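What follows is a single structure, written as structure tokens, with notes after it.
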Amino acid sequence: MEMITRFAPSPTGFLHIGGARTALFNWLLARHYGGKFLLRIEDTDRERSTPEAVDAIFSGLKWLGIDWDEEPVFQSSRLDRHVELAKKLVAERKAYHCYCSAEELSSMRQEAKSRGKSPRYDRRWRDRDPADAPAGIQPVIRLKVPLEGTTILQDVVQGTVDVANDQLDDMILVRSDGTPTFMLSVVADDHDMGVTHVIRGDDHLTNTFRHIQIYNAFNWNVPQYGHIPLIHGADGAKLSKRHGALGIEAYRDMGYLPEAVCNCLLRLGWSHGDDEIIPQDQAIQWFTTDNLGKSASQLDFAKLLNLNGYYMREADDQRLLEELLPLVGNVSDEIRQRLLRGMNGLKQRSKTLLELRDLSYIYINPPPDSKLDLDSRVVWGIIIQVLEFEENWSEENLEKELRTAAAENGFTFARVAQVLRSVLSDRKITPSVFDMLVSFGKNESLQRMRAAFR
RNA sequence: GUCCCCAUCGUCUAGAGGCCCAGGACGUCGCCCUUUCACGGCGACAACGCGAGUUCGAAUCUCGCUGGGGACGCCA
């Protein structure tokens, strides 16, 4: 049987790091087994769902290199189907109408709580005669959950977990306004979409028992679940939009490469021995549910940065140039060429695209002159002029040009070297230029330059 | 409060009874390479939450405790 996985976010905000990881795992699983990865937008909470959030999810996934099969399903388009299914359960006496008001329910919960019990619905309408229905009240539809026994979940991550049925509520399937709830919709959609495997955050673990009850009521096959631990913030609490959870696009804006973010996410809760650097194609080969961890983790920015540095160094120069150009605005063709030539040196010193941008500054603009005296600024200007105007920067003529320019302006080459050194040791943005300079000279012209530097 | 889950270096993790007085990676700190920065190389520091069992032997199994997290909505 073909494996079908899915990612089913609700579009109430950006795609955050936890969601991205969930998507990644489901995607990897499907790709590993040659199955399908589907996307479903759970937009039934019309209050909070926005089209912007839908776009953010699509673009976030695309950026990460996660593609999906078939058209995304919008849950809101399937409401009729869900309600119809609920009505069928009512007809089969597996579900029933409940006429409790919101106030009634909350006082019920209050009371249960004060007696140290779970705040739950007391099932007062479960077996009541529908003829008792009060007039003018729109009922909800509730599922009849078995009063006894246990519900057992075979989770691919958590192992066997069971819960006593009396812990489960007779949950609401259809609201009094006639719309289906999340509980019903997920189950119905997963079933209709043919989903065979669901990897999701373990905040859904307890919901799963309810989902299983719904599957049972319909006599449907329950998919394989894998509940992965949540990613925690630095304070150890669940990552939420309230504290520091960033949208995936924030990582892009900080200059991270998608492959680095993916690699980092992958290693959060999944491992393959001692392997750390795992490009996407390798991940597809290796990823199975077997190596998923059971304990919560935190995202380590230092590690992300390190990983990003690695992928920066590995990245193709031309590609980096294309990533860089939007960050530096309009530059001439000449500068573009110059950047490309310098890219190899530049990228080795950049852990993010933002750092690459900062390092590139000197290729695009004259250097700032804050730390130099007037004389030195002039010399530095000469150096920059040479860099600006010398087309090929070949090893022979670089030094020659520097000498000539220095002489023309009444400076010795030693003075040029001195300024060069002082600027370089002083300025974070300059080492790449220095590297560029010395990289030309593997021969005697470098030797002479060296001598001048000492 | 009730139910559920989790627990190895600061962080991410390896480890499925002897291979572990616990390995890798990031970070930190040294040293080396280098005319600078970075890269790279070498090394150091650093963890099995606690307590009982089971066993010849436990990071690995069991129980308890503690700690952390999650769920208990006509939200998803």
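Sequence lines set the chain letters: A, B, ... in the order given, protein chains first and strands last, and positions in each chain run from 1. Treat the numbers as computed from the prediction; the structure is a model and nothing was measured.
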Notebook entry, point to check: Just how far, in rounded Å, is P of B:C4 from CG of A:Asp169?
Noted result: 16 Å
Margin query: For A:Arg48 and A:Lys351, find the nucleotide of RNA chain B closest to each by heavy atoms; which residue's nucleotide sits nearer the 5' end?
Written below: A:Lys351
Notebook entry, point to check: Only one of A:Asp192, A:Asp43, A:Asp190 forms a salt bridge (charged side-chain N to carboxylate O under 4.0 Å, His left out) with A:Arg78, so which one is it?
Noted result: A:Asp192
Notebook entry, point to check: What is the distance from atom CZ of A:Phe58 to atom CH2 of A:Trp68, rounded to the nearest 0.5 Å?
Noted result: 5.5 Å
Margin query: Does A:Glu276 reach a base, just sugar-phosphate, or nothing at all? Heavy atoms under 4.0 Å.
Written below: base
Check: When rounded to the nearest Å, what value does the distance between C1' atoms of B:C12 and B:A46 take?
Finding: 15 Å
Notebook entry, point to check: Quick check, are the ring centers of A:His227 and A:Tyr225 under 6.0 angstrom apart?
Noted result: yes
Check: What integer number of Å spans the C1' atoms of B:C6 and B:C65?
Finding: 16 Å
Checklist line | Under 3.5 Å donor-acceptor pair, A:Ser176 side-chain atoms to B:C74 base atoms | finding: yes
Check: Quick one: ring-ring contact (aromatic ring centres under 6.0 Å, His included) partners of A:His191, sequence neighbours excluded?
Finding: A:Trp220
Checklist line | Proximal nucleotide (of B:A71, B:A76, B:C5) relative to the A:Thr206 side chain | finding: B:A71
Check: What's the closest nucleotide to the A:Arg267 side chain, out of B:C74, B:U13, B:C26?
Finding: B:U13
Check: Side chain of A:Arg175: nearest nucleotide among B:U8, B:C74, B:A71?
Finding: B:C74
Next item on the list: Indicate the ring-plane relationship of A:Tyr256 and A:Tyr251, choosing parallel, tilted or perpendicular according to the 30° and 60° boundaries.
Entry: tilted
Margin query: Which nucleotide wins on minimum distance to the side chain of A:Gln167, given the candidates B:C26, B:A76, B:C3?
Written below: B:C3
Margin query: Roughly how many Å apart are B:G68 and B:C75, using the C1' atom of each and rounding to a whole number?
Written below: 25 Å
Checklist line | Whole-Å C1' distance, B:C21 and B:C32 | finding: 30 Å
Margin query: Distance check needed: B:G24 C1' versus A:Asn263 CG, whole Å only.
Written below: 15 Å
Check: What does B:A38 pair with, Watson-Crick or G-U, if both distances are under 3.5 Å?
Finding: none
Next item on the list: Using the P atom on both, measure B:C4 against B:G64 and round to a whole Å.
Entry: 12 Å
Note to self: Tell me if the centroids of the rings in A:His211 and A:Phe182 come within less than 6.0 Å of each other.
What the structure shows: yes
Note to self: Just to be sure I understand the rule, does A:Asp275 reach a base, reach only the sugar-phosphate, or reach nothing, if contact means heavy atoms closer than 4.0 Å?
What the structure shows: nothing
Next item on the list: Would you state whether a donor and an acceptor, one from the side chain of A:Asp202 and one from the base of B:A71, lie under 3.5 Å apart?
Entry: no
Next item on the list: Test for a donor-acceptor pair under 3.5 Å between the base of B:C6 and the side chain of A:Lys294, counting only N and O atoms.
Entry: no
Check: Mapping A:Ala164 and A:Pro180 onto RNA chain B by nearest heavy atom, which one lands closer to the 5' end?
Finding: A:Ala164
Next item on the list: State which of B:A76, B:U13, B:A71 makes the closest approach to the side chain of A:Asp203.
Entry: B:A71
Check: In the strands shown, is B:A52 matched to any nucleotide by a Watson-Crick or G-U wobble pair with both distances under 3.5 Å, and which?
Finding: B:U62
Checklist line | Distance-only polar pair, side chains of A:Asn165 and A:Glu148, donor-acceptor under 3.5 Å | finding: no
Notebook entry, point to check: Taking the side chain of A:His204 as its heavy atoms from C-beta onward, which of B:C5, B:C12, B:A76 lies nearest to it?
Noted result: B:A76
Checklist line | A:Lys347 side chain near B:C39 phosphate (N/O to OP1/OP2, under 4.0 Å) | finding: no
Item checked: Nearest-angstrom distance from the residue atom CZ of A:Phe14 to P of B:A76 -> 20 Å
Notebook entry, point to check: From the list B:C6, B:A76, B:C12, which nucleotide is the closest neighbour of the side chain of A:Gln158?
Noted result: B:C6
Checklist line | Sugar-phosphate only, base, or nothing, as touched by A:Val163 at under 4.0 Å among non-hydrogen atoms | finding: sugar-phosphate
Next item on the list: For this output row, return yes or no: ring centroids of A:Trp270 and A:Phe287 closer than 6.0 angstrom.
Entry: yes
Notebook entry, point to check: Atom CD1 of A:Ile41 to atom P of B:C75: distance rounded to whole Å?
Noted result: 20 Å
Note to self: Without decimals, in angstroms, what is the distance between A:Leu184 CG and B:A76 P?
What the structure shows: 11 Å
Item checked: Distance between C1' atoms of B:G70 and B:A59 (Å, rounded) -> 26 Å
Notebook entry, point to check: For B:U2, what is the paired nucleotide under Watson-Crick or G-U wobble rules, both distances under 3.5 Å?
Noted result: B:A71
Next item on the list: Would you indicate what A:His227 reaches in the nucleic acid, counting non-hydrogen atoms under 4.0 angstrom: base, sugar-phosphate, or nothing?
Entry: nothing
Check: Which part of the nucleic acid, if any, lies within contact of A:Arg313, taking any heavy atom under 4.0 Å across all strands shown: a base, the sugar-phosphate backbone alone, or nothing?
Finding: sugar-phosphate
Next item on the list: Would you mind telling me which of B:C74, B:C5, B:G24 lies closest to the side-chain atoms of A:Ile172?
Entry: B:C74
Next item on the list: Determine the interatomic distance between C1' on B:U60 and the same-named atom on B:A16; round to the nearest Å.
Entry: 7 Å
Checklist line | Shortest non-hydrogen contact from A:Asn291 toward A:Ser271 | finding: CB-O, 3.1 Å
Item checked: Any side-chain heavy-atom pair of A:His82 and A:Ser185 under 4.5 Å -> yes
Next item on the list: Using a cut-off of strictly less than 4.0 Å, decide whether A:Asn207 has a side-chain nitrogen or oxygen near OP1 or OP2 of B:A76.
Entry: no
Margin query: Under a 3.5 Å cut-off for both contacts, is B:C29 paired Watson-Crick or G-U wobble with anything, and if yes, with which nucleotide?
Written below: B:G43
Notebook entry, point to check: B:C74 phosphate, OP1 or OP2: any side-chain N/O from A:Thr181 under 4.0 angstrom?
Noted result: no
Notebook entry, point to check: With a 3.5 Å cut-off and just heavy-atom distances, do the side chain of A:Arg349 and the base of B:C39 make a donor-acceptor pair?
Noted result: no
Margin query: Given B:G70, B:A76, B:G23, identify the nucleotide with an atom nearest to the side chain of A:Asp274.
Written below: B:G23
Checklist line | Paired nucleotide for B:C9 [Watson-Crick or G-U wobble; both distances under 3.5 Å] | finding: none
Next item on the list: Send over the distance from A:His272 NE2 to B:A14 C1', rounded to a whole Å.
Entry: 12 Å
Notebook entry, point to check: Using the C1' atom in both, what is the distance from B:G49 to B:C72, to the nearest Å?
Noted result: 28 Å
Notebook entry, point to check: Expressed in angstrom and rounded to an integer, what is the separation of A:Lys303 atom NZ from B:G10 atom P?
Noted result: 15 Å
Check: Checking all strands, does A:Thr179 fall into the base, sugar-phosphate, or nothing category for heavy-atom contacts under 4.0 angstrom?
Finding: nothing
Notebook entry, point to check: Using purine N1 to pyrimidine N3 plus N6-O4 or O6-N4 for Watson-Crick, or N1-O2 and O6-N3 for G-U wobble, both under 3.5 Å, which nucleotide pairs with B:C20?
Noted result: none
Margin query: In whole Å, I'd like the distance from the CG atom of A:Leu153 to the P atom of B:C5.
Written below: 10 Å
Check: When all nucleic acid strands are considered with a 4.0 Å heavy-atom cut-off, which category describes A:Gly269: base, sugar-phosphate, or nothing?
Finding: sugar-phosphate
Next item on the list: Identify the nucleotide, in any strand shown, that forms a Watson-Crick or G-U wobble pair with B:A14, with both distances under 3.5 Å; if there is none, say none.
Entry: none
